[in-house]
Amino acid sequence: MTGDSNTDIDLIWNSLKNENVVSFATSRGVSMNRQCRPIAKATRKQRFAIKDLGPTFDIDAVSAECLMGKHSIDKKEVCGDFVDTCSDLLRGLDVDGASMKLIDGDSDDDEENVKENVPSQQEVSNTSWRIQRVAKAMSSDDISSRVQSLTKLKVTIDALSLDCPVAPNMNYPPPYDDSYIKLNQNVSSVVSDLVRPKQLQNLEPSQWPAESLEAPSIVTKNCSNETRDHLQAILNNCGNSLFRLIGDAKSEKCRVLSIECLQPLLLARIDHGRQVPYMIPALCARYPPCTYDKDTEVFIKEHQLHEFYKRGGAIDRQDRDGLFSHGGIFQVIEPNEELRLELCRTLNCLMRGIMARGAERTLDAYYPEIIFSLQSSLRDPFPEVKIEACHLLVQLLRIPHWEQGAKYFATGLARSALPGCRHRNINVIIAAMDLFEASVCVPDTAKAKGAGTAAIADLVGFREENVLLISAFYDSQCNVSVNTLAELASHKNHRVRLRCCKMLSFFLVYLPDRYDHQQRLLPYILSFINDDMLEIQNAALQCIEKCGLQYECEHPDEVIERRQFGVDGEDTIEYDNNLPAPFTNRPSLGARLFVRANTSRFFLAMLGELSSWKEQTRKRSALLLLVLTVYCEEHLTKDFQHTIASIAKAIVAERSSQCGHYLKTMETMKEVLQLLAKYVDPSAYIPLILPRISGDSSSATSNSEDRTHSETARSSYALILSSLIEGAPLHRLFPQWLTLSSLLSGTNCIGPFAGTKTRGDSLIAFLTLIVRVTIKQEVMTSFIAHFAGTGEQTKFQTALLLCKESLRELLNSSDVGRDTKVATECIDCLSKIEDAAAMGLSLISKN
């Protein structure tokens, strides 16, 4: 018995080296295929080695041609080794699949009845003997023997895989789909259907909408039972050896070949259940260790440091390590970054194969280990590994069978994706946002919320007021909060901004607990309306419109009266005209009500950003204020005193800036003021502005801290008044014309003791006031008729004379300087008004 075993071992190694293939096969009592015998004889003296394949040898192409019989030129020379390998490994594997217990179901199923034509035990032993010897060769201490046996096995698996269909890619839709969300038009309902959107997890895959799940591109192939049995036999006999070689510490080539052999086996729709307990530990051992703390909802890589942090130690939370720098220390078990990428792809192949067979339960016990392994890949320095891990985690979080497990890790995975959102690689950023969205939107049906919505506070860098960590006294970085969402919303790449806009749209429309986060996320979605890309603008506008439809259904009391009586604003205001781009008409009622209801929390903070020391921040704040003006309209009157003061500070900062001409922030703020004047009545802002232009600190509305108004502040308010006059409706401007003209032409504004800046801006404002009523003949006629109708003809004529007298005194002074041209234009316009007034009043007296 011992002698026979030694003889068998000698024959194995001789056959693996390909020194005597024919003698090895015939010695086991197995007849060779006649077609392959001459090829085997021609190549039996050649040693099998990788270098013999040649640098341009395409195994897939040549093997396919060999199997189909289309390779007619030099077939013996090119395909000799390939045919020898397949014939040696698979000779005798045509026995019935049931005899080898190769079933298509799960491995834990009951054994099926054996068919009547069961082969003998000797035939079964001959069937698996060759594969088992190859598996033993892969466990050899000789590296070259392991490489050669793996190469033979890989060629055979690739050839067999050509006839087998590949498991489709996982493409699970988000848990909430818009085609299943319908607005509830029943006013008596407490909430709309949108509060509890139908979850796709509760539906069969056949019921998923076509637009939510793309049909995977699968090439239909007829895989014979014989081919599938061959692959199953290879996995059953060589699987453990392949798993051990994944962690081969001596040969990188062995690790590469073992993964290349394993991936097609996982995609071949065969039974993997028996190998899962050995496969998962072998794959996860190639990743850094990791654990999860449910109390703090963070992934932990160093347990002792985390316990020190929980005790109040002067260290930062471990999930925030990658937020400030991307060059941190990353523990590597697999040194080859390409192999780390293939490990992630191997897990993907495993999941695809398991899901294609509907055997999700076989991975229930290993779900945390897979999550830990993929989460550690999110910190990998290789960008492709990050992207692959993000894509696979997204699909794992959307699989209905593992909803409870996804809910457990949702917040931690969302926080782990934040460092990737600040990466330099655009594809990494987009993949990280995909993962963050999928983590936040994991359904928590018991609480009617997204399981990972707690991470939204980390996304916006929220920090409670008057709360300072003890560790911040020892390390200032511990008290730093990063607004990752602001960086994404202002990213230079339009793909990142578009993906961020779609992510926020999904949160605002489909999250069950979106009401807790609307005020945090709304400013960013509004800022996308002024984006340079048309696609991003349209996506943001559609999001606000959808939120408006929701608001109308959930707040019917605010809508029904406006709809029934047709009262929605003043009839004298042209709401659809002179709107900034990209608005073409007035937003819908629901959209305006939605924005107004969620603006109060961030409005004052946005006004504070208008005077920021950063030019880009001032520009973006001015654009956001412009959008808010379109949606809020006359409701901005209640905070107009804060708005005017903040815009005045912004004008001062912009005039002292060196980049104002480039960013055109000043033009944006003028546009904001003109649009505000369209909705806000002059009686609301004139008492606020006039004392600040004239320098009257005794007024109750001046709000002067030091009881004085500086020259710069007075000039800024004069510029604000000029823009408000330019945008105010004429029917609102006529009653205030005498008050404004008497102030702007008074001594405090253009007199000899007024500053140069104040005098210049006051003259410009006065010229704007006059031009508004003289630009057209019909406007001038209406203007004069207004005073005739109110009985203020005498007061009107007196005001004209006083204005002309003040302007002439200014022209006669020696320090008029560059204001001469403006003052002359003002006098000319006043003369036109006097002539028209004299003619109009005389006609009125005659009538």
Side-chain angles (χ1 to χ4, degrees), residues 12 16 48 50 59 85-86 88-90 93 100 102 107 127-161 164 166-167 227-287 333-334 336 338-354 357 362-363 366 369-370 373:
I12 293 169
L16 290 175
F48 182 84
I50 295 178
I59 294 178
T85 302
C86 295
D88 289 345
L89 289 178
L90 302 178
L93 282 180
M100 295 188 296
L102 303 178
S107 59
T127 298
S128 59
W129 182 85
R130 177 64 179 174
I131 301 298
Q132 291 174 352
R133 293 304 183 268
V134 174
K136 291 182 180 180
M138 289 190 292
S139 303
S140 172
D141 294 334
D142 185 22
I143 296 178
S144 62
S145 299
R146 297 201 299 269
V147 171
Q148 291 176 15
S149 59
L150 283 170
T151 305
K152 276 191 172 184
L153 187 63
K154 180 180 181 301
V155 173
T156 304
I157 293 174
D158 290 342
L160 292 173
S161 300
C164 288
V166 179
T227 303
R228 185 173 297 175
D229 293 345
H230 291 344
L231 292 173
Q232 186 71 66
I234 292 175
L235 179 62
N236 291 342
N237 290 277
C238 302
N240 291 342
S241 300
L242 287 175
F243 304 152
R244 284 193 296 268
L245 291 178
I246 292 177
D248 194 332
K250 296 182 180 180
S251 173
E252 180 179 309
K253 185 65 177 178
C254 289
R255 299 199 299 271
V256 173
L257 290 173
S258 61
I259 292 177
E260 291 178 352
C261 292
L262 185 59
Q263 287 180 354
L265 290 176
L266 297 177
L267 294 174
R269 294 174 178 263
I270 58 178
D271 181 21
H272 311 127
R274 300 176 181 176
Q275 311 299 329
V276 165
Y278 309 98
M279 185 192 319
I280 299 297
L283 292 174
C284 295
R286 306 304 297 168
Y287 292 92
I333 296 180
E334 174 55 60
N336 190 329
E338 295 291 342
L339 267 180
R340 296 200 299 271
L341 175 60
E342 292 302 322
L343 284 171
C344 289
R345 291 175 177 171
T346 303
L347 287 175
N348 190 10
C349 294
L350 172 63
M351 300 304 303
R352 289 168 58 185
I354 291 293
R357 292 176 52 82
T362 59
L363 294 180
Y366 306 99
E369 295 185 20
I370 296 175
S373 301

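Small disclaimer: the values here were computed from a predicted structure and weren't measured. For reference, positions follow the sequence shown, starting with 1. Computed from heavy atoms alone, side chains included, the values below leave out hydrogens, waters and symmetry copies.
With contacts defined as side-chain heavy-atom distances shorter than 4.5 Å, the pair Leu283/Ser373 does not qualify. Side-chain contact between Val134 and Ile234: absent, with no pair of heavy atoms (C-beta onward) separated by less than 4.5 Å. Taking 4.5 Å as the limit, some side-chain heavy atom of Tyr366 sits within range of a side-chain heavy atom of Pro277. In this structure, Arg228 and Leu231 have side chains that are not in contact, with every pair of non-hydrogen atoms separated by 4.5 Å or more. In this structure the side chain of Asn236 never reaches within 4.5 angstrom of the side chain of Asp271, judged on heavy atoms. With a 4.5 Å cut-off on side-chain heavy atoms, Thr362 and His272 do not count as touching. For the pair Ile246 and Leu262, the minimum side-chain heavy-atom distance is below 4.5 Å. Considering only heavy atoms from C-beta on, Arg352 comes within 4.5 Å of Val166 through its side chain.
Of all the heavy atoms in Tyr287 and Cys344, the pair that sits closest is OH-N, 3.3 Å. Closest approach of Pro281 and Val276 over heavy atoms only: CD-O, 3.9 Å. Between Gly239 and Gln275, the closest heavy-atom pair is CA-OE1, 4.2 Å. Shortest non-hydrogen contact noted between Leu242 and Leu153 is CD2-CD2, 4.2 Å. The two residues Arg146 and Lys250 have their closest heavy-atom pair at NH2-CB, 4.2 Å.
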Verdict with reasoning, Met279 to Thr346, per side chain to side chain contact (heavy atoms under 4.5 Å, CB included): CA-CA 10 Å; Met279 185 192 319; Thr346 303; 5.9 Å; no

Residues Asp248, Lys253; criterion salt bridge (Lys or Arg N to Asp or Glu O under 4.0 Å); working and verdict: CA-CA 9 Å; Asp248 194 332; Lys253 185 65 177 178; over 6 Å; no

Verdict with reasoning, Cys164 to Arg269, per side chain to side chain contact (heavy atoms under 4.5 Å, CB included): CA-CA 8 Å; Cys164 288; Arg269 294 174 178 263; over 6 Å; no

Side chain to side chain contact (heavy atoms under 4.5 Å, CB included) between Met351 and Ile370, worked out: CA-CA 10 Å; Met351 300 304 303; Ile370 296 175; 4.2 Å; yes

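Judged as a side chain to side chain donor-acceptor pair (under 3.5 Å), and not counting sequence neighbours, the contacts of Glu334 are Arg255, Arg286. Remark: Glu252 pairs with Asn336 by the side chain to side chain donor-acceptor pair (under 3.5 Å) rule, at least two apart or across chains. Contacts of Ser139 classified as side chain to side chain donor-acceptor pair (under 3.5 Å), with partners at least two apart in sequence or in another chain: Arg244. Taking Glu342 as the reference, Gln263, Arg345 meet the side chain to side chain donor-acceptor pair (under 3.5 Å) condition, with sequence neighbours excluded.
Distance check: Leu265 CG to Leu350 CG gives 12.0 Å after rounding to the nearest 0.5 Å.
Side-chain polar atoms of Asp142 and Ser144 form a donor-acceptor pair below 3.5 angstrom.
Remark: side-chain polar atoms of His230 are not paired, donor with acceptor, to backbone N or O of Ile157 under 3.5 angstrom. Between the side chain of Ser145 and the backbone N or O of Asp141 there is no donor-acceptor pair closer than 3.5 Å.
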